[in-house]
Structure formats: C-alpha cells, structure tokens
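Values in this document were obtained by computation on a predicted structure and should not be read as measured data. Each chain gets a letter, A, B and so on, in the order its sequence line appears, and its residues count up from 1.
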Amino acid sequence: MNFWEYISTAHQQLLADAYQHASAVFQCMVVATVIGVVIGVVTYRSEWAGNLATTTTSTILTIPSLAMIGLLIPIVGLGVPPTVISLTLYGLLPIVRNSIVGLRGVDPSLIDAASGIGMSRMARLAKVELPLAWPPILTGIRVSTQMLMGIAAIAAYASGPGLGNEIFRGIASLGSKNALNQVLAGTVGIIILALLFDAAYVLIGRLTIPRGIRV
Amino acid sequence: MSDSVPEAPTAATTATVTADGGAGESGSTTGATIELENLTKRYPGSAAPAVDNVSLEIKAGETVIFVGPSGGGKTTLLKMINRLIEPTSGRIRIGGEDVTDMDPVKLRRKVGYAIQSSGLFPHMTVAQNIALVPKMTGWSKSKIKARVEEMLDLVGLDPAEFRGRYPRQLSGGQQQRVGVARALAADPPVLLMDEPFGAVDPITRDHLQDELIRLQRELHKTIVFVTHDFDEAIKIGDRIVVLRERSHIAQFDTPEAILTNPVDDFVSGFVGAGAALKRLNLTRVRDVEVTDYPTVQVDDPLQTIFDKLRDAGTNELLLLDKRRRPYKWLRRGDLMRAKGSLARAGTLVHDTVTRDATLRDALEAVLIDNAGRVAVTGRRGEYEGVVDMETLMNSVHELLDADRLEAVEHQHELEELRAQQTHQEQEGEGGPKA
Ligand SMILES: Nc1ncnc2c1ncn2[C@@H]1O[C@H](COP(=O)(O)OP(=O)(O)OP(=O)(O)O)[C@@H](O)[C@H]1O
Ligand SMILES: [Mg+2]
C-alpha cells in the first residue's frame with residue numbers, strides 16, 4: 001500500500017486526530033497567552049522580576065518533553081491533563097519574553113504623555129502600552145504555536161489526543177507494511193496544521209494591529 | 001505699584017468655577033494662577049537636589065517661559081506642576097487651590113500637557129488622540145466630535161483632511177499642532193509645554209510660535225513653557241524665568257527688562273549678543289511716534305502739487321495713489337525734469353510697513369531705503385505716516401531708558417521682599433531662643 005492509498009483508507013482517523021491535535025494546541029495557546037501576558041504585565045516594570053519570569057519560563061523549556069510528561073503522569077494521571085499542562089508550560093516562554101520586551105520597548109515619552117494627559121495606570125496599560133506592545137506579543141504567540149505543534153505529538157505517549165498517536169503507532173510497529181506511512185502521515189499532518197495556524201495569525205495580525213503602527 | 005495683584009486671585013476663582021462647570025463649546029476657560037512654594041525635588045540616589053527650594057507666582061492668563069542651561073531642572077520643575085514628578089517638599093497651588101495632595105489623575109485632566117516629540121499615540125488617529133481627554137472626562141459623543149473639529153481648526157489643520165490620519169502620516173510641525181490640540185481639547189485653564197518646538201526646523205518653529213501667540217491671544221490660558229532658546233522665550237513670553245542650576249531663579253521679569261537690565265553675568269550670558277537689536281523685536285510700529293509727512297494724491301491738479309512742494313518744509317512729498325496708498329517719493333526737481341508728467345517723475349515706493357510690524361522690520365526697511373525713511377500703512381495699505389532713522393533712534397532710546405527704570409524698580413521690590421523674608425526668618429529663629 002503506498003502513502004496515498006494509506007491516506008484514503010485512514011483518512012477518517014487522521015482527520016479526527018488532526019482535529020484533536022489542533023484543538024489541544026489552540027486551547028493550550030489561549031491559556032498560555034492569558035497567563036503569559038499577565039506575567040509580562042506584572043513583571044515588566046521591575047528589572048529583577050522581569051528577568052526572573054524570563055529565566056523561569058526558559059528553564060521550563062529546557063526540560064525534555066518526554067521527561068515532563070513522565071513527571072506529570074504520576075501527579076495528574078494519563079490522558080488530557082498532562083498534555084494540557086505541559087503544552088501550556090512550554091508555550092509560556094515566547095509569550096512572556098515578548099510581552100516583557102514589548103512593554104518595556106514602548107517609547108518612554110509616550111508613557112509620559114499618557115500620564116501627563118491624565119490617564120490612570122490601568123487606562124495607560126489598556127489604551128497605550130498593550131496596543132503598542134501587541135505586535136511583538138503576537139509574534140511570541142506565533143512562535144509558541146509552532147513550537148507546541150511539534151511538542152503536542154509527544155502527548156500521545158501519555159495517551160493524550162492528537163496526531164502523535166499516528167506517529168507512535170508507526171514507531172511501535174516498525175517493519176510492518178504501514179509503519180512508515182503512519183509516521184509520515186502524522187508528520188505531514190502536523191506541518192499542514194502549523195501552516196494553517198500561521199496563516200490564521202497573519203490574518204489576526206491584519207485585523208488587530210492598528211494601521212498606524214503596522215509595518 | 002502692586003494694584004494688579006489682588007485681581008489675579010479673582011480671575012483665578014472665576015476660572016476654576018467655569019472649569020468645574022464643564023467647558024462648553026461656547027466661551028472657553030481662561031487661565032488660573034499657579035503658585036509654587038518652596039518646591040524641592042531630590043531624586044533618589046543623587047546628593048544635590050535637582051530643584052532646590054523654588055518659589056514662584058504665575059498670574060492667570062500669563063505666558064511664562066522657563067529658560068536655563070541643560071540639566072538645570074527645568075523639566076523637573078515643570079513636571080512638578082502636574083505632579084508627573086512628585087515634589088520632595090513644598091506646595092503647589094493652581095487657581096488658589098492646593099493641589100499638592102490632590103488625586104494626580106484628576107489634577108492632570110485640568111492641566112494640558114504638550115511635549116517635545118509631540119507624544120501622539122501612533123496607534124490612534126489624529127481625531128482619537130485629540131478626543132482622549134474629553135472622553136475620559138465623560139463628554140458626550142457628539143460634543144467630542146464637534147470639539148475635535150474645533151480644535152483642528154484652532155491649530156490650523158483642515159479637519160476633513162487630517163482627522164483620520166495617523167501620526168506617522170503627518171510632518172513634524174503638524175504633529176506638534178495636533179499635540180497642542182490634544183493638550184487643549186478639554187479646555188484646561190493651565191497648559192504646560194516642555195520644549196514643544198524643539199525638534200522642528202527653524203522655519204516651522206517660527207510658524208508654530210506665531211500660531212501659539214495667536215492662540216494665546218484668543219484663549220488667555222496660563223501657559224508655562226520650557227525652552228533652551230532665549231529668542232523663543234522673548235518672542236512668546238509675557239515673563240521669563242531665567243533658571244540657573246538646580247532651578248535657582250536668576251531673574252524673573254518681562255523680556256524687555258531682562259534684555260535691557262540682566263541682573264548678572266549669568267543672565268547676560270543667556271541673553272546673548274545683540275540685546276538692543278532683540279529689544280526691537282518686542283516693540284511694534286504702533287507703539288512709537290509716526291511722523292506726518294506732506295502728501296499729495298495722483299488726481300490732485302499739478303498746480304496744487306507745485307504749491308505744496310514750494311510750501312512744504314521738506315523738499316520732498318509723498319505721492320499717494322487713488323486709494324491713498326503710498327506710490328512715489330517726489331523731490332522738487334523731479335517734476336521739472338519730467339516736464340510735468342507725474343507718471344515719469346519721482347521714485348517708486350518699494351517698501352512699506354504696517355503698524356503691526358516690529359521695530360526691527362521698520363529698521364530694516366529704513367536701512368535699505370536710500371533716503372532713510374519708510375511709509376507706514378494701515379490695514380488696506382492706505383498711508384498713515386512715515387518712520388525715519390531719527391524717530392526710530394529716539395524711540396529706541398526712550399524705550400531702553402523706560403525699560404531700565406522699570407527693571408531697577410523691580411529689583412528694588414525684590415530686594416525689599418528678600419530683606420523682609422530674611423528679617424522674618426531671623427525673627428523666627430530668634431523667637432524660641434529668647
Ligand atoms: N528620573 C531621574 N532620576 C534621577 N535624576 C534625574 C531624573 N530626571 C532628571 N534627573 C536629573 O535632574 C537634573 C535636572 O534634570 P531636568 O531634566 O529637569 O533638566 P532640564 O533643565 O529639563 O534639562 P534639559 O534642558 O536638558 O531638558 C539633571 O541633573 C538630571 O540628571
Ligand atoms: Mg528638559
């Protein structure tokens with residue numbers, strides 16, 4: 001059976017896996033974005049707090065994904081929980097780092113002007129600082145998503161959802177006639193999903209970055 | 001001498017009342033007094049204070065300029081007025097009201113603020129930028145919209161063209177105009193400006209200065225304006241505060257007094273060369289004596305012209321055209337030589353000045369004219385009189401003398417005040433001991 005024949009017989013399973021993969025990544029990204037931006041907002045004003053946040057999240061990223069899931073299974077069990085927790089943790093770094101860099105990069109004279117015309121701290125954050133820091137934050141979200149697409153495949157190890165199952169099945173049955181096709185189908189599926197998400201981000205950028213600061 | 005002092009608080013009270021009553025499209029809020037009392041700012045980690053015990057009273061509706069060397073604490077002093085920088089000690093009163101402990105956000109909505117880089121938010125359109133403060137103060141949508149148009153008109157930008165633009169689609173000068181419009185949008189009684197025209201080219205700066213002067217003539221806000229440029233200071237300011245390091249006041253007086261009577265070498269260093277010439281910029285032709293000159297009109301009969309030429313004390317007449325505008329200078333011999341033809345006789349009038357021209361412009365015109373005089377004209381170009389070298393020199397001497405007298409008087413007052421203060425301080429110190 002060649003690759004295309006395999007796809008046509010297994011497409012139902014593949015689509016279901018792809019959907020679950022995308023949905024897991026998407027949900028984890030939403031959570032990671034909220035947490036990441038909040039961490040950024042809370043820490044960017046202080047030198048050491050900002051550095052602590054960046055260092056911590058980048059340390060998380062150095063933990064091998066297999067080890068992370070392995071460590072989580074005894075605590076939260078198999079399936080969805082370890083997947084969601086590890087993906088969210090991995091997704092934090094680019095968002096936290098870009099939020100801090102973006103917020104710190106806002107021209108100080110604009111902050112001065114914002115306070116000077118009578119904006120409260122919250123108004124200044126919501127109307128001036130976050131909108132101006134949004135382009136780098138969005139870039140962080142994009143990088144995060146790309147990363148999570150690959151990492152999410154490992155979730156199958158903990159019986160999590162997604163295209164990782166396809167890959168793991170292939171690896172488990174190496175030598176059988178469909179092994180290579182399975183690994184290939186899972187990998188290509190992940191790449192396609194990543195490209196689709198990226199296209200979506202370009203669109204989101206167009207819609208949400210104000211025309212005045214679009215490059 | 002100080003009759004005008006009691007007036008200031010009254011004006012201020014009315015100003016605050018209107019400000020609280022909500023500024024409407026009709027009748028804008030005029031200035032409020034600003035009193036700074038022993039203001040000191042010590043930045044953490046630096047031994048010497050950046051601003052050291054400054055006391056200053058600014059009258060309602062007055063434009064006061066802070067000039068001084070870089071790093072002298074001008075910005076720090078200015079930002080303490082709207083408490084962007086919290087003073088280490090001292091009090092601030094605006095319109096008689098002590099604002100030192102007021103909620104700074106509330107305070108700043110009553111104090112317009114414009115800075116060098118214009119401070120426009122790049123992600124908002126011109127209209128959105130201008131609408132910010134009115135929106136925060138809770139104006140209705142329709143009122144805000146009308147106000148944005150009004151402000152754009154006020155600063156000389158066509159609303160239809162500029163309303164929807166983003167700051168990066170504007171020139172530096174246009175950005176500054178929008179910055180000023182935003183600062184004035186909620187009609188604050190006080191406007192603080194920190195080197196607002198520092199980053200634009202000299203020609204645009206000149207325009208913006210003229211614009212500000214015109215605006216202020218309409219609005220009568222209390223403006224505090226920081227600059228490095230002494231020429232800008234004398235052009236815009238009603239009074240100038242020359243600050244030395246740590247914002248110590250070297251001299252606080254009218255531009256005229258500072259130009260003619262700088263109190264010390266520091267101030268004269270700041271005034272720079274050519275003080276007398278700069279002084280000419282501050283007086284208009286209408287403030288000096290314009291001499292009457294014998295005139296005739298083109299449609300007068302030739303005989304009248306001949307008679308006048310003979311009778312007039314001078315040997316020259318000014319020939320006016322049908323609309324009484326200066327046309328030609330006519331000397332005695334001219335008509336003879338031209339064989340009685342007015343069209344060929346005399347020399348054409350090249351240059352005239354209006355009553356609004358500065359004495360400097362008039363001097364320039366007089367210097368260029370080969371007979372050393374220039375005709376002064378009214379609004380429609382009609383003849384009003386003549387200024388010549390002699391009248392100019394006399395006027396300038398009178399002006400300088402008057403300035404000097406006034407400055408000496410001011411200095412006496414200041415010294416008396418200081419003497420009183422020291423006296424009081426000494427008594428205060430002596431009291432408990434005795
Ligand atoms: N945030 C700050 N922290 C510590 N020191 C400061 C701070 N801001 C200003 N200073 C110091 O206070 C002094 C006065 O600064 P300020 O900005 O008020 O001067 P300035 O007169 O406005 O100068 P310039 O004409 O260059 O704008 C300077 O010596 C400056 O280094
Ligand atoms: Mg400054």
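At least one donor-acceptor pair closer than 3.5 Å links the side chain of Thr54(A) to the backbone N or O of Gly50(A). Judged by distance alone, the side chain of Arg177(B) and the main-chain N or O of Val155(B) form a donor-acceptor pair under 3.5 Å.
Counting heavy atoms from C-beta on, the side chains of Lys41(B) and Lys79(B) never come closer than 4.5 Å. In this structure, the side chains of Leu66(A) and Tyr157(A) come closer than 4.5 Å at one or more pairs of heavy atoms. Counting only heavy atoms from C-beta outward, the side chains of Leu191(B) and Leu184(B) approach each other to under 4.5 Å.
For the pair Arg182(B) and Phe121(B), the cation sits on the ring face: its NZ or CZ lies under 6.0 Å from the ring centre, inside 45° of the axis.
Residues of residues 41-48 of chain A lying under 4.5 angstrom from chain B, judged on non-hydrogen atoms, do not exist. Within residues 113-139 of chain A, the residues that have a heavy atom under 4.5 Å from a heavy atom of chain B are Ala113(A), Ala114(A), Ser115(A), Gly116(A), Ile117(A), Gly118(A), Met119(A), Ser120(A), Lys127(A), Val128(A), Pro131(A), Leu132(A), listed by number. Chain B is approached within less than 4.5 Å, heavy atom to heavy atom, by Ser109(A), Leu110(A), Asp112(A) from residues 101-112 of chain A, ordered by number.
None of Asp187(B), Thr30(B), Thr63(B) except one satisfies the side-chain hydrogen bond (donor to acceptor under 3.5 Å, both in side chains) rule with Lys221(B); the exception is Asp187(B).
Residues Glu232(B) and Thr227(B) bring a donor and an acceptor atom of their side chains to less than 3.5 Å of each other. Looking only at atom types and distance, the side chain of Ser23(A) has a donor-acceptor partner in the side chain of Gln27(A) under 3.5 Å away.
Counting non-hydrogen atoms of neighbouring residues, nucleotides and ligands closer than 6.0 angstrom, the CD atom of Gln12(A) reaches no more than 12 such neighbours. Heavy-atom neighbours of Tyr43(B) OH from other residues, nucleotides or ligands within 6.0 Å: above the threshold of 12. The 12-atom threshold is exceeded at CZ of Phe3(A), counting heavy atoms of other residues, nucleotides or ligands nearer than 6.0 Å.
Contact annotation for Leu120(B): only backbone heavy atoms (N, CA, C, O) come within less than 4.5 Å of a heavy atom of chain A. Heavy atoms of Pro122(B) lying under 4.5 Å from chain A belong to its backbone as well as its side chain.
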Exercise for review: Might you work through the side-chain contact (heavy atoms from CB on, under 4.5 Å) test for Leu61(A) and Met147(A), ending with a clear yes or no?
Suggested key: CA-CA 10 Å; Leu61(A) 204 60; Met147(A) 223 167 62; 3.5 Å; yes
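Taking Tyr166(B) as the reference, Arg211(A), Thr125(B), Gln169(B) meet the side-chain contact (heavy atoms from CB on, under 4.5 Å) condition, with sequence neighbours excluded.
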